[in-house]
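Counting from 1, the numbers follow the sequence of the chain as shown.
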Amino acid sequence: METKYWKLTGTPADAAAYAEAGALVRAGEVVAFPTETVYGLGANALNPEAVVKIFAAKGRPQDNPLIVHIARKEDIAALTTGLNANARKIMEHFMPGPLTIIVPKAEIIPDVTSAGLDTVGVRFPSNKYAQDFILACGCPIAAPSANISGRPSPTNAQDVLEDMQGKVAGILDGGSCGVGLESTVVDTTSPVPTICRPGGVTYEMLTEVLGAVEIDPALLGDKNFKPIAPGMKYRHYAPKEPVYLLEGDAVDCLPTLVSKALAAGLKVGVLCDSEMSETLPHDEHVLLSCWGASREALAADLFYLLRDFDRTRPDVILAQGVGEDGIGLAIMNRLRKAAGYQIITLENGVLKLKGDKQLPAFMIQ
């Protein structure tokens, strides 16, 4: 398949690109497009045959529901049987923006889009390129992140090309994504609004508007559930190499573990902040992916930093955890999934791998 490529400029000259991309979507094809969170793989949400092409391009299990994107608030009315007070409050305060609400679905939503559920996630992105693309399509757009399933989500068009060239009909290049993490997903059908996936709209921001907000147990690694939102069930955001996430006091052991990996003859990738990087051994086999002083900077760059390890190819990756207040909850959710819940903690001065698993050999030398 030929993959068309359009570079967007934010000028009237983009109209031709939107027209061509919209025509492809109306013809049942898949087009990648930018949002404020990550790039999405877009197809007509109401066309089951088109939606199946999304799953094929990603290699994604079909029990994983898709989010439906709209370009006007009022367009949600056709996609749901009704909005409760919590859904309306969220829409009033956070849409357009990096947030998805789960609502009862209308009959026009195909089962393949909602993974057979009686609910659907709906999002109104704030990115102007995304809005103009959706309007040009003339239909709601089902879109997961534009990456091969399990890999880090793309936050620039080059990473989309790396995964999707020859698999989709086109890619709209709108530059780098500002937020860098997928949207917050909130289930508004539960008695208390429940965060199913944390993102740029934080727990603290939601509680300020809604009062009581719960966090889904699946975010803590519970696997005995049926996913009602993307990113809940399977390993996601993962480089090709094994990742170990250091949490709590174990973070202070990062320089020691890097030294042990080097002593074992391993090439070690390290994801850490710039301050921590100054404490690490200076060695050509230490491959650093660093972020600046703020967690917002880490959120924006996280998936790019994880993908960078697929280019530098370490033998093992050690990642520094962060606090879970604010955007930290979303960052740690993505890091835990990238690590496949291989989490290193420090208990009574002894390093432990969560789940009573055996530490890798190099850590216990």
Side-chain angles (χ1 to χ4, degrees), residues 1-60 66-76 78-79 96 98 100 108-110 112-113 122-149 151 153-179 182-183 230:
M1 172 187 290
E2 178 191 0
T3 298
K4 293 182 177 294
Y5 173 87
W6 304 277
K7 175 64 179 175
L8 300 176
T9 61
T11 69
D14 292 339
Y18 290 131
E20 191 173 1
L24 285 168
V25 169
R26 290 192 298 277
E29 299 298 338
V30 177
V31 172
F33 66 102
T35 77
E36 72 276 21
T37 57
V38 300
Y39 274 71
L41 279 186
N44 182 348
L46 308 182
N47 181 339
E49 291 78 16
V51 171
V52 166
K53 293 179 181 180
I54 293 176
F55 291 104
K58 282 183 67 74
R60 176 186 176 118
L66 301 177
I67 291 171
V68 178
H69 295 65
I70 57 176
R72 296 174 295 231
K73 275 188 184 181
E74 58 268 26
D75 290 347
I76 196 172
L79 306 177
T100 296
I108 63 170
I109 302 292
V112 68
T113 300
V122 182
R123 177 160 121 73
F124 176 13
S126 60
N127 182 284
K128 185 66 165 55
Y129 293 140
Q131 293 176 6
D132 288 345
F133 165 65
I134 297 166
L135 289 171
C137 294
C139 59
I141 297 297
S145 54
N147 55 283
I148 294 171
S149 188
R151 293 202 69 201
S153 302
T155 54
N156 62 73
Q158 290 307 306
D159 286 342
V160 179
L161 275 167
E162 182 180 306
D163 279 9
M164 292 296 152
Q165 189 161 25
K167 298 179 181 179
V168 299
I171 298 171
L172 289 162
D173 182 352
S176 297
C177 302
V179 176
E182 298 92 344
S183 63

Approximate separation, where rounding is to 0.5 Å, of [X] [atom1] and [Y] [atom2]:
X	Y	atom1	atom2	value
Cys137	Asp132	SG	CG	11.0 Å
Ile134	Tyr18	CD1	OH	10.5 Å
Gln158	Ile171	CD	CD1	8.5 Å
Thr35	Gln131	OG1	CD	11.0 Å
Ile141	Ile67	CD1	CD1	14.0 Å
Phe33	Leu41	CZ	CG	8.5 Å

Is the backbone of [Y] close enough, under 3.5 Å, to the side chain of [X] for a donor and an acceptor to pair up by distance?
X	Y	result
Thr3	Gly166	yes
Glu29	Val168	no
Lys128	Gly10	no
Asn147	Pro154	no
Glu36	Val179	no

Among Val160, Thr155, Asp163, Leu172, whose side-chain contact (heavy atoms from CB on, under 4.5 Å) with Tyr39 holds?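 For Tyr39, the side-chain contact (heavy atoms from CB on, under 4.5 Å) check succeeds only for Val160.
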Among side-chain atoms of Thr37 and Ser183, is any donor-acceptor pair under 3.5 angstrom? no
Which pairs, with at least one residue in residues 13-26 and sequence neighbours excluded, count as a salt bridge (Lys or Arg N to Asp or Glu O under 4.0 Å)? Lys4-Glu20
Test: salt bridge (Lys or Arg N to Asp or Glu O under 4.0 Å). Region: residues 37-49. Which pairs qualify, not counting sequence neighbours? none
Using the salt bridge (Lys or Arg N to Asp or Glu O under 4.0 Å) criterion, which residues pair with [X]? Sequence neighbours excluded.
X	value
Asp173	Lys7
Lys167	none
Lys73	none

Is the shortest heavy-atom distance from the side chain of [X] to the side chain of [Y] under 4.5 Å?
X	Y	answer
Leu79	Pro140	yes
Glu182	Pro144	no
Leu46	Ile109	yes
Leu8	Phe133	no
Val31	Trp6	yes
Phe124	Val122	no

Closest contact, heavy atoms only, [X] versus [Y]:
X	Y	result
Pro96	Pro125	CB-O, 3.6 Å
Ser149	Gly59	CB-O, 3.5 Å
Thr113	Ala45	OG1-O, 2.9 Å
Asn127	Pro34	OD1-O, 3.8 Å
Ala50	Ala43	O-CB, 3.8 Å
Pro48	Val112	CA-CG1, 3.8 Å

Residues two or more places apart in sequence or in another chain: which of them pass side chain to side chain donor-acceptor pair (under 3.5 Å) with Asn44?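 With sequence neighbours excluded, Asn44 shows a side chain to side chain donor-acceptor pair (under 3.5 Å) to no residue whatsoever.
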